[in-house]
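Below is one structure, written out as structure tokens; comments come after it.
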Amino acid sequence: MIWIILLIILCLLFFLVLSIHFYRLNQFKKNKTVSDLAVANCLPQISNDPFAKSDLWLKNIVHNSHSVVSFWGNNVDVFAYQFKLKYQFNQLQVDQLQLDLNQLLQEYAKKQQIVSPVTKKPLVVSDCWIENQNNLQLEVAVVVNQATFAYVQDVNRAEQ
């Protein structure tokens, strides 16, 4: 009799863990879509038009984006992008681009009614840098949980 009860408890625990895993996977996919659409909407609005046009097509943005989850942990919803620049940027221009993009992401989040339970800024550029002189590396965080919020804070502290 006790074995049957233990087996039932184990089955219930297994299904609970499985349902949590699938819920998290669905949330992750949803947040990747939110990030991809936000980037596709906001980047073309950058005033000095620094990007190769083909990189800004939604299909290419979706194909190009990937998660930083493998390094930072399963609950971090931060997505990395790479874009070719038409001309070289200095650090001041990169910083300005990050500020401009953050502003556009906030406006986009407001229009799309994207909210975060942990911060007033649900979409942020968590990191931005130039690689190989003309490739912009960009990380966009969908800050909908405490792990992503902590990640963004850690990146900000590391940059200071």
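FYI, side chains are in, hydrogens and waters are out, and symmetry mates aren't considered; it's all heavy atoms of this structure.
Sorted by first then second residue, the salt bridge (charged side-chain N to carboxylate O under 4.0 Å, His left out) pairs that include residues 30-45, not counting sequence neighbours, are K32-D36. Listed by first then second residue, pairs satisfying ring-ring contact (aromatic ring centres under 6.0 Å, His included) with a partner in residues 7-27 number zero, not counting sequence neighbours.
A side-chain donor-acceptor contact under 3.5 Å links N102 to the backbone of V125. At distances below 3.5 Å, at least one donor-acceptor pair connects side-chain atoms of N145 with backbone N or O atoms of N75. For the pair S65 (side chain) and F79 (backbone), a donor-acceptor distance under 3.5 Å is absent.
Every side chain to side chain contact (heavy atoms under 4.5 Å, CB included) that Q103 has, sequence neighbours left out, goes to E107. Looking at residues two or more places apart in sequence or on another chain, you find a side chain to side chain contact (heavy atoms under 4.5 Å, CB included) between D127 and W129, E139, V155, E159.
Under a 4.5 Å side-chain heavy-atom cut-off, the cluster of Ile, Leu, Val, Met, Phe, Trp and Tyr residues that includes L10 has no other member. Apart from L6 itself, the hydrophobic cluster it occupies contains I2, W3, where clustering links Ile, Leu, Val, Met, Phe, Trp and Tyr at side-chain heavy-atom distances under 4.5 Å.
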Subject >> Candidate pair T148 and V78, rule side chain to side chain contact (heavy atoms under 4.5 Å, CB included), full reasoning >> reply: CA-CA 7 Å; T148 305; V78 179; 4.1 Å; yes
**OP:** Please report the C-alpha distance between L136 and F89 in whole Å, then the side-chain angles of each, then the deciding distance to 0.1 Å, and finally whether the side chain to side chain contact (heavy atoms under 4.5 Å, CB included) criterion is met.
**Re:** CA-CA 9 Å; L136 177 72; F89 269 42; 5.9 Å; no
**OP:** Decide yes or no on side chain to side chain contact (heavy atoms under 4.5 Å, CB included) for C128 and L97, but give the supporting numbers first.
**Re:** CA-CA 9 Å; C128 185; L97 186 137; 4.1 Å; yes
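Residue I8 is not grouped with residue L18 when hydrophobic side chains (ILVMFWY) are merged at heavy-atom distances under 4.5 angstrom, including chains of intermediate members. I5 is connected to L13 through a chain of hydrophobic side-chain contacts under 4.5 Å among Ile, Leu, Val, Met, Phe, Trp and Tyr, so both are in one cluster. When the side chains of ILVMFWY residues are joined at heavy-atom separations under 4.5 Å, either directly or via intervening members, L101 and L92 end up in two distinct hydrophobic clusters.
You'll find the side chain of I114 reaches within 4.5 Å of the side chain of Y108, heavy atoms only.
A donor atom on one side chain and an acceptor atom on the other are not found under 3.5 Å apart for N31 and Q27.
In this structure, CG on L138 lies 10.0 Å from CD1 on I130, to the nearest 0.5 angstrom.
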